[in-house]
Amino acid sequence: MRLQLSPELSAFREEMRTFFTTEVPQDIRDTVAARRHLSRDDYVRSQRILNAAGLAVPHWPVEWGGRDWTPLQRHIWREEMQLACVPEPLAFNTSMIGPVLAAFGSQEQKERFLPATANIDIWWCQGFSEPDAGSDLASLRTTAVRDGDDWVVNGQKTWTTLGQYADWIFCLVRTDPLAEKKQRGISMLVFPMDSPGVTLRPIELIDGSREVNEVFFEDVRVPSEFLVGEENRGWDYAKFLLGNERVGIARIGFTKRLLAQAKGYAQEVTVAGRPLAEDPRMAARIAEVENELVALELTALRVVAHSADGRPHPASSVLKLRGSELQQAATELVVDIAGPLSVTSFADGGSEVPEWARVATPEYLNYRKVSIYGGSNEVQRTIIAGTILGL
Amino acid sequence: MDFTFDSEQNDLREAVRGLLERSYGDGEQRRKVAASDPGFDEETWARMAEMGLLGLPFAEEHGGMGAGPIEVAVVAEEIGRVLAPEPFVEAVVLAGGLVAAVGTDEQKSEVLAGIAEGTTLAAFAHAEPGTRWSPSASAVTATPSPNDRDGDGWRLTGTKEPVPNGARADVLVVSAVVDGGTALFLVRGDAEGLTRTGYRTSDGGRAAHVRFDGTPAEVLGADAGDRTADVERAQALARIAYAAEAIGVMDTALRTTAEYLKTRRQFGVTLSRFQALTFRAADMYVSLELARSTALWASMVADAGGDVVAAADRARLQTSRAGRHIGKEAIQLHGGIGVTAEYTVGHHTSRLTAIDHLLGDGDWAADRLARTVTRYETVDPLGAPYTG
Ligand SMILES: Cc1cc2nc3c(=O)[nH]c(=O)nc-3n(C[C@H](O)[C@H](O)[C@H](O)COP(=O)(O)OP(=O)(O)OC[C@H]3O[C@@H](n4cnc5c(N)ncnc54)[C@H](O)[C@@H]3O)c2cc1C
């Protein structure tokens with residue numbers, strides 16, 4: 001047992017911190033700090049800077065740009081990035097399809113897609129969920145039928161995040177409707193979003209944002225070379241992908257930063273001439289969330305330090321569950337600090353309300369999503385009860 | 001940074017587990033021991049002494065093992081796991097810890113060696129009616145009495161309660177007011193003017209009402225200066241050890257509950273078929289693991305020479321919340337059997353409740369953390385002030 005980071009890891013952390021705070025453009029980091037929406041170009045600029053420095057896909061195989069880091073190094077990399085308000089490399093590219101192609105794709109697919117995926121020359125979106133296939137993803141109904149050298153895709157996906165920016169989609173499709181187990185009849189296809197027969201319809205969310213979409217497929221022809229891995233093995237790849245998706249989803253660095261900002265806001269807001277931060281109930285609430293976050297960070301450190309042998313630590317399932325709850329708790333805290341100012345979301349010129357108070361409620365409402373996607377928190381409880389407690 | 005126990009620590013855990021399982025392999029033995037004074041098993045206590053556990057954190061020159069807070073946490077967790085009633089944290093970590101922290105060389109040689117050998121049971125007489133978890137004394141006062149035999153004695157007057165193991169203790173470490181500060185004293189169990197009324201505590205242990213009527217006392221340490229900071233620090237180390245004990249208790253409570261859900265049948269199926277129950281068990285696991293991380297960390301902070309008071313507050317808040325959650329749910333998920341004396345989980349909850357209230361509960365810790373929360377931006381658990 002030892003608390004301190006080794007000198008090598010301390011130096012590593014310093015190196016990450018310095019890079020993120022000096023090499024990524026200030027305007028992008030300011031946008032993240034102000035919790036404004038990033039443009040497509042912001043994401044691309046930022047990821048290309050990271051990629052040029054070998055910091056976009058360190059968890060990939062070395063041959064494709066990975067760094068052969070330990071899980072602890074990756075943890076530090078991610079946390080420092082979040083603390084420095086650097087947008088994370090696009091998850092669809094770097095955590096989802098990239099690792100799947102690196103593990104299961106053909107050599108041609110790897111060469112064609114991996115460098116472009118790391119450098120975000122291709123922007124990917126995730127076509128898994130459907131109107132009737134959410135948590136029960138394996139019941140998806142979008143079909144792909146073989147016709148000569150092509151697959152012909154028909155059906156609908158939904159919740160497709162940032163599909164409006166995407167160049168390509170990776171998609172789960174039903175290729176064997178008669179398979180005995182529904183999981184066995186699913187394949188993974190990739191194809192361009194501008195393929196004939198693909199239409200996109202934005203979905204407006206409760207905060208007024210348009211970050212998700214419905215995607216419709218009508219006789220979309222996909223050349224057979226765009227099948228990932230083997231036919232009817234798509235479920236295995238999806239499980240592999242979702243396992244990676246959950247890594248780093250705790251977003252401790254994000255919550256830490258938001259909490260630090262919340263403390264500042266609570267000093268700024270005054271009640272009867274005194275800072276709200278001095279109100280004992282408010283201070284205790286901040287202290288409680290912060291302590292929960294310390295516990296989560298320590299759990300994450302325990303998990304990464306133990307998963308070196310490849311097997312995930314059983315406590316890793318806690319990270320998504322509590323990580324999402326704490327992101328939500330922090331956003332809720334900011335709304336409560338804003339108090340009556342929290343309703344001013346759509347004010348512009350002429351309002352005196354500070355920007356942080358205006359974005360507070362949209363962000364809080366938007367962040368209800370984090371306990372729904374990436375395996376809802378109910379799904380996480382099912383995993384804990386089943387695989388850890390044997391229930 | 002490394003969260004794994006080394007092989008010596010694992011060996012220690014195995015040895016302690018073996019010893020305690022012989023004594024408390026089933027809940028029945030513990031119930032028997034708790035039923036009569038002194039509320040723990042003197043034989044088990046003696047075997048713990050033989051194993052070196054009662055001198056674990058003390059320097060070798062004073063009869064101890066020279067081990068650190070991590071080894072203490074290992075032992076405390078094993079004690080919690082089987083709900084062993086032996087007062088390891090109270091007598092060794094807290095009362096002994098104070099002697100080790102402020103005692104003179106002579107006092108350390110004498111008292112610590114006795115504690116380590118199991119011949120001296122020490123208790124910290126500190127809590128007073130009308131106060132809550134304060135590091136200072138107010139209801140017991142000390143006055144110099146130069147006319148006593150050895151010429152440098154003191155006399156104590158006032159009341160302490162509850163004093164864990166106060167009736168059985170061979171030596172009391174007593175906090176008392178001197179010149180507006182809090183000094184520490186040693187009082188022998190057979191001192192004149194000492195009245196001790198012992199009773200059973202809610203969790204099956206023992207505590208006492210202790211009255212001092214001009215009771216002769218020896219200053220602990222070189223002088224009767226203010227020891228508030230030493231008390232604060234010793235209590236912090238005890239809180240960290242209690243956090244480990246609570247982890248052991250919670251771990252068993254959760255495992256017992258999960259096992260029960262798998263075997264108890266209602267409506268023709270095992271209870272584990274009801275998601276309303278399995279989800280609550282999953283939430284108990286989440287609480288346990290987060291508390292475990294914090295408890296482990298706090299003992300690492302102590303080991304690294306970091307700010308133990310702040311770390312202990314964090315561990316206390318987390319384990320208090322987790323202990324209440326897990327303790328209450330463990331009973332509820334068992335149904336009626338959970339509230340019987342014959343079954344184990346209720347006793348786990350009872351012990352968690354006692355630990356929670358002995359040195360400051362979760363709200364108390366949250367309040368302390370709240371006072372400084374805006375003085376820093378973020379917490380780095382691997383950095384200052386925790387790494388020393
Ligand atoms: C903002 C946002 C972005 C998203 N982005 C994408 C994306 O880019 N690509 C993509 O493919 N998908 C995406 N998703 C979809 C996401 O993965 C699904 O929303 C998620 O899988 C849950 O499915 P559902 O919404 O249909 O809810 P349902 O599965 O219908 O669940 C409804 C409720 O029931 C609970 N529930 C379901 N099954 C069980 C069970 N067995 N036991 C107990 N409780 C259960 C759920 O936890 C939830 O509380 C996104 C979702 C959101 C909200």
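Chain naming here is simple, since letters A, B, ... match the order of the sequence lines and numbering starts at 1 in each. Computed from heavy atoms alone, side chains included, the values below leave out hydrogens, waters and symmetry copies. These numbers come from a predicted model, not from an experiment.
The aromatic rings of B:Trp133 and B:Trp364 stand perpendicular to each other, their planes meeting at an angle above 60°, with 30° marking the opposite boundary.
Applying the side chain to side chain contact (heavy atoms under 4.5 Å, CB included) rule to A:Gln26 yields the partners A:Arg29, A:Asp30; only residues at least two apart in sequence or on another chain are considered. Looking at residues two or more places apart in sequence or on another chain, you find a side chain to side chain contact (heavy atoms under 4.5 Å, CB included) between A:Arg17 and A:Arg13, A:Glu14, A:Glu80.
With no hydrogens or angles considered, a side-chain donor-acceptor pair links A:Gln328 and A:Ser371 at under 3.5 Å. No side-chain donor-acceptor contact under 3.5 Å links B:Ser320 and B:Asp361.
Here A:Val294 is the residue among A:Val294, A:Leu321, A:Leu72 with the most heavy-atom pairs under 4.5 Å with chain B. Options B:Leu277, B:Asp283, B:Leu369, B:Asp6 differ in how many heavy-atom pairs under 4.5 Å they form with chain A, and the most are formed by B:Asp283. Contact tally against chain B (heavy-atom pairs below 4.5 Å) for A:Arg257, A:Gln4, A:Arg285: the top residue is A:Gln4. In terms of heavy-atom pairs under 4.5 Å with chain A, the best-connected choice from B:Glu289, B:Gln9, B:Arg314 is B:Arg314. Counting heavy-atom pairs under 4.5 Å between each of A:Leu259, A:Leu298, A:Ile384, A:Leu9 and chain B puts A:Leu298 at the top. Between chain A and the options B:Leu254, B:Asp380, B:Asp363, B:Asp367, the largest number of non-hydrogen pairs under 4.5 Å is found for B:Asp380. Chosen from B:Ile70, B:Leu382, B:Thr294, the residue pairing most often with chain A at heavy-atom distances under 4.5 Å is B:Leu382.
Separation of atoms OG (A:Ser324) and CD (A:Gln380) is listed at 8.0 Å; rounding is to 0.5 Å. Annotation: the span from B:Leu296 atom CG to B:Ile247 atom CD1 amounts to 7.5 Å, rounded to 0.5 Å. Rounding to the nearest 0.5 Å places CD of A:Gln73 at 12.0 Å from CH2 of A:Trp77. Separating the OG1 atom in A:Thr255 from the CD atom in A:Gln327 is a distance of 4.5 Å, to the nearest 0.5 Å. Separation of atoms CE (B:Met1) and CE (B:Met300) is listed at 7.0 Å; rounding is to 0.5 Å. Between A:Leu3 atom CG and B:Asp303 atom CG the span is 9.0 Å, to the nearest 0.5 Å.
Both the backbone and the side chain of A:Thr299 come within contact range of chain B, with heavy atoms under 4.5 Å apart. Heavy atoms of A:Glu297 lying under 4.5 Å from chain B belong exclusively to its side chain. With a 4.5 angstrom heavy-atom cutoff, A:Glu292 touches chain B via backbone and side-chain atoms both. Residue A:Ser10 does not touch chain B at all, counting heavy-atom pairs closer than 4.5 Å. Of the two parts of A:Glu278, neither the backbone nor the side chain holds a non-hydrogen atom closer than 4.5 Å to a non-hydrogen atom of chain B. A:Ile388 touches chain B through its side chain: at least one heavy atom from C-beta onward sits under 4.5 Å away, while N, CA, C and O do not. Interface remark: B:Arg371 contributes no atoms to any contact with chain A (heavy atom separation under 4.5 Å).
Of all residues in residues 255-275 of chain B, those placing a non-hydrogen atom less than 4.5 angstrom from a non-hydrogen atom of chain A are B:Ala258, B:Leu261, B:Lys262, B:Ser272, B:Gln275. Heavy-atom proximity under 4.5 angstrom to chain A picks out nothing from residues 236-246 of chain B.
Using a 4.0 Å cut-off between charged nitrogen and carboxylate oxygen, B:Arg321 and A:Glu288 count as a salt-bridge pair. Using a cutoff of 4.0 Å between basic side-chain nitrogens and carboxylate oxygens, B:Glu377 and A:Lys263 are not scored as salt-bridged. Salt bridge annotation for A:Glu79-A:Lys256: absent, with no cationic side-chain nitrogen under 4.0 angstrom from a carboxylate oxygen.
Heavy-atom neighbours of B:Arg233 CZ from other residues, nucleotides or ligands within 6.0 Å: at or below the threshold of 12.
A cation-pi arrangement is present between A:Lys369 and A:Tyr367, with the terminal nitrogen or guanidinium carbon under 6.0 Å from the aromatic centre and inside a 45° cone about the axis.
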